[in-house]
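One structure below.
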2 protein chains.
Amino acid sequence: MKQRKTGNITLQEVANHAGVSKTTASVALNGGDYVSEETRHKVIVAAQELGYVYNRAAASLRSNASSTVGLIIPDLDNSFYTALLSGVNTALNKLENTILLGSTNESLTVQDRLISSMLEYRVCGIILFAVLGSSNELIARIKNLGIPVVLVNRNFSEFTCDYIGIDDVLAGQLATEHLVERGHRRIAYLGGTSELSSWYKRREGYERVLKEHQIQIDESLIIEGPPTQESGYKLAEEILKLDKKPSGIFCFNDVIAIGAMMKLEENGIIPGRDIAIVGVDDIPEASIIKPKLTTVSSYPFLRGVKAANILHERINGYAGEPQSIIIEPQLIIRDSSNSERINQ
Amino acid sequence: MKQRKTGNITLQEVANHAGVSKTTASVALNGGDYVSEETRHKVIVAAQELGYVYNRAAASLRSNASSTVGLIIPDLDNSFYTALLSGVNTALNKLENTILLGSTNESLTVQDRLISSMLEYRVCGIILFAVLGSSNELIARIKNLGIPVVLVNRNFSEFTCDYIGIDDVLAGQLATEHLVERGHRRIAYLGGTSELSSWYKRREGYERVLKEHQIQIDESLIIEGPPTQESGYKLAEEILKLDKKPSGIFCFNDVIAIGAMMKLEENGIIPGRDIAIVGVDDIPEASIIKPKLTTVSSYPFLRGVKAANILHERINGYAGEPQSIIIEPQLIIRDSSNSERINQ
DNA sequence: GTGAAAGCGCTAACAT
DNA sequence: ATGTTAGCGCTTTCAC
């Protein structure tokens with residue numbers, strides 16, 4: 001697992017070679033002010049000649065500082081998360097930070113292990129998409145060590161932590177309103193589980209719109225399940241079994257929508273023609289699948305960028321109150337919601 | 001950028017608290033053999049009580065060993081690479097390694113910077129999907145430092161480096177043969193550039209099959225371009241402009257195929273009905289797009305897993321000859337190649 | 001089984 | 001503007 005490495009060139013050797021002291025060499029190499037350009041040049045040349053490679057472990061140990069950011073997401077096979085990762089990466093690249101990446105696969109145990117590991121690495125901050133069932137203690141543990149955390153999913157309002165998310169109530173409203181406008185009155189809310197605060201909020205938006213339009217809420221149309229594509233596929237069966245089928249489906253997210261669309265189509269129900277589908281997230285697949293998926297964008301990439309930027313502020317010592325940045329979701333109308341026909 | 005952290009609990013404090021020496025505490029915590037279970041227990045309890053967090057920077061400095069693996073890929077928005085990443089992550093998780101991730105965006109400069117950074121972090125190994133134009137010196141530089149490298153794309157045969165890839169000639173053959181079997185005789189080879197060794201090899205397979213079937217090779221049907229979705233979209237225009245259009249297209253990879261399919265469809269040419277398309281890679285989108293994409297799987301996830309495993313062997317000191325692991329690609333027949341109609 | 005001492009490569013005070 | 005000294009927290013001899 002571990003590898004022993006052989007005699008690397010040290011700063012001392014560079015200093016000797018350049019005929020200066022270790023300190024001077026250090027300052028010269030790190031762009032400090034108090035060295036003459038001549039000396040700096042000498043040192044840089046010496047470093048190059050010797051093939052010197054800066055040792056961050058040593059520097060980090062001594063200065064008690066690091067420039068590595070930990071990023072923990074639940075699933076690398078879900079493009080929502082990889083889009084988030086891509087955003088974080090883009091922002092962090094500019095800031096010259098390096099990403100230590102971990103994927104939890106929705107396991108609390110793995111998440112604990114990853115966080116412990118990152119603390120051992122003395123990351124300068126953590127961006128966390130916490131798995132279901134994560135406790136407040138977990139975050140407290142990190143923060144107590146003085147390491148800033150930015151949450152990308154849940155807002156544990158009970159304590160202090162920066163948070164970046166979308167307005168989930170609004171997301172539910174936008175999706176549902178769109179369906180209602182297209183004439184649908186039996187609208188299902190498919191997938192996601194009540195353990196997710198975002199599930200509750202989207203449901204709240206969904207119910208609010210229904211009520212506004214005097215549409216009776218039908219509990220049989222609210223079907224819970226894990227937020228994955230396979231789950232969407234399975235959950236669509238529940239829809240098919242229903243006596244009074246919905247004519248529109250508001251899916252908790254895009255991967256569920258995609259899974260459901262596949263199942264429906266296999267059963268001869270063509271999304272966008274026989275049934276209207278709306279998702280949430282706007283992952284890349286949403287515009288690839290056919291019919292193209294109408295969805296409420298939750299801006300995964302942008303969230304990644306913003307998460308990295310907030311974290312950066314914190315790392316630089318910003319000590320203001322924890323912020324909750326709430327991005328306004330946006331309805332993106334494509335083809336899956338074209339159906340205006342109302343079953344039943 | 002960097003954060004100063006405050007008084008962490010050190011091993012010395014844990015040792016004091018447990019009434020043993022630093023050495024003993026270290027051995028106890030790291031599962032060494034020469035401690036009584038009683039002492040070990042005492043130390044572990046002390047560590048917990050104090051909230052001790054192991055400092056890897058210090059350990060790494062002293063022992064000159066690390067358990068971080070660097071992974072460098074060109075693009076986080078391309079699911080081929082994220083699938084690869086996912087494979088690497090899966091394998092590395094089991095081995096208790098941590099991933100330091102970098103994305104080059106196909107820039108040599110960024111790649112250089114990332115590699116330098118990883119060397120400074122003293123990663124124990126690097127998995128590299130090198131960008132176009134990468135030089136041998138680059139890899140030599142890493143290897144000279146005693147850090148093993150596994151290449152996931154190009155096999156720079158000029159020097160010694162582990163490599164994991166697919167049989168590209170065979171990939172070209174499988175795709176082309178499939179199209180020929182379906183009756184196509186005018187078959188385009190779309191996208192990818194001649195700077196890519198994989199492009200040459202796939203072309204070789206393509207031409208070999210054409211020759212076997214006495215089909216004249218038509219240079220106007222071999223259209224180069226970057227291996228991205230946007231590029232596939234643009235390149236499809238070239239196809240549309242052709243006087244004698246092909247009835248089948250062998251795309252360099254799936255993202256090109258997807259881009260091309262979109263363009264073709266916009267022009268009323270329905271893939272799978274009016275024209276046959278075959279890709280390479282089998283990224284997740286291939287089974288989501290409609291028609292589902294016939295493709296030659298290049299097993300990105302599996303390659304990631306294997307790359308991590310080879311690297312692991314090297315890290316553990318395996319000093320055998322550089323290996324080239326070539327995975328046999330497999331044709332996956334879906335719907336985009338259903339067309340048997342031959343234009344012209 | 002356990003402890004004492006040394007030192008990994010760097011930066012931070014403090015001189016000069 | 002440059003050098004001297006000390007020490008970050010750990011592992012590694014080596015002694016007991």
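Please read all numbers here as calculations on a predicted model, not as lab measurements. Letters go in sequence order (proteins before strands), and every chain restarts at 1.
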Shorter than 3.5 Å, N or O on both sides, protein versus nucleotides 3-6 of chain C: list them out with atom names.
from  : atom 1 : to      : atom 2 : distance (Å)
C:dG3 : OP2    : B:Ser21 : N      : 2.8
C:dG3 : OP2    : B:Ser21 : OG     : 3.3
C:dG3 : OP2    : B:Thr24 : OG1    : 2.7
C:dA4 : N7     : B:Thr23 : OG1    : 3.4
C:dA4 : N6     : B:Thr23 : OG1    : 2.6

Whole-Å gap separating [atom2] ([N]) and [atom1] ([X]):
X: B:Glu120; N: C:dC10; atom1: CD; atom2: P; value: 10 Å
X: B:His41; N: C:dG1; atom1: NE2; atom2: P; value: 18 Å
X: B:Gln12; N: D:dC8; atom1: CD; atom2: P; value: 10 Å
X: A:Asn16; N: C:dG9; atom1: CG; atom2: P; value: 13 Å
X: B:Asn64; N: C:dC10; atom1: CG; atom2: C1'; value: 14 Å
X: A:Tyr54; N: C:dT11; atom1: OH; atom2: C1'; value: 8 Å
X: B:Lys42; N: C:dG1; atom1: NZ; atom2: P; value: 14 Å
X: B:Leu11; N: D:dT12; atom1: CG; atom2: P; value: 13 Å

Most 5' of B:Thr39 and B:Leu61 on DNA chain C, judged by nearest nucleotide: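 Taking each residue's closest nucleotide, the earlier one in sequence belongs to B:Thr39.
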
Work out how much the helix from C:dG1-D:dC16 to C:dT16-D:dA1 bends between its end axes, five pairs an end, to the nearest 10 degrees.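 One end axis against the other gives 30°.
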
Using only side-chain N and O atoms of [X], determine if any of them is under 4.0 Å from OP1 or OP2 of [N].
X: A:Asn8; N: C:dG9; answer: no
X: B:Tyr34; N: D:dC14; answer: no
X: A:Ser26; N: C:dA12; answer: no
X: B:Asn55; N: D:dC8; answer: no
X: A:Ser36; N: D:dT2; answer: yes

For the residue pair B:Tyr34 and B:Thr39, confirm or rule out a side-chain donor-acceptor distance under 3.5 Å.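 B:Tyr34 vs B:Thr39: no donor-acceptor pair found between side chains.
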
Without hydrogens or angle criteria, can the side chains of B:Arg56 and A:Ser60 be said to hold a donor-acceptor pair below 3.5 Å?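 No pair is found: no donor N or O on one side chain lies under 3.5 Å from an acceptor on the other.
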
Exercise: identify the closest heavy-atom pair between [X] and [Y]:
X: A:Arg122; Y: B:Asn8; value: NE-ND2, 3.5 Å
X: B:Met118; Y: B:Leu100; value: CE-O, 3.2 Å
X: B:Tyr163; Y: B:Val152; value: CE1-C, 4.3 Å
X: A:Ala47; Y: A:Val14; value: N-CG1, 3.8 Å

A:Leu71 and side chain to side chain contact (heavy atoms under 4.5 Å, CB included): which partner among A:Leu311, A:Val88, A:Ile126?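 Considering A:Leu311, A:Val88, A:Ile126, a side chain to side chain contact (heavy atoms under 4.5 Å, CB included) with A:Leu71 is found only for A:Val88.
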
Flag if over 12 foreign heavy atoms under 6.0 Å of OH, B:Tyr318: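 Buried by this count: over 12 neighbours within 6.0 Å.
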
Counting only heavy atoms not in A:Lys42, do more than 12 fall under 6.0 Å of its NZ?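 Yes, enclosed.
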
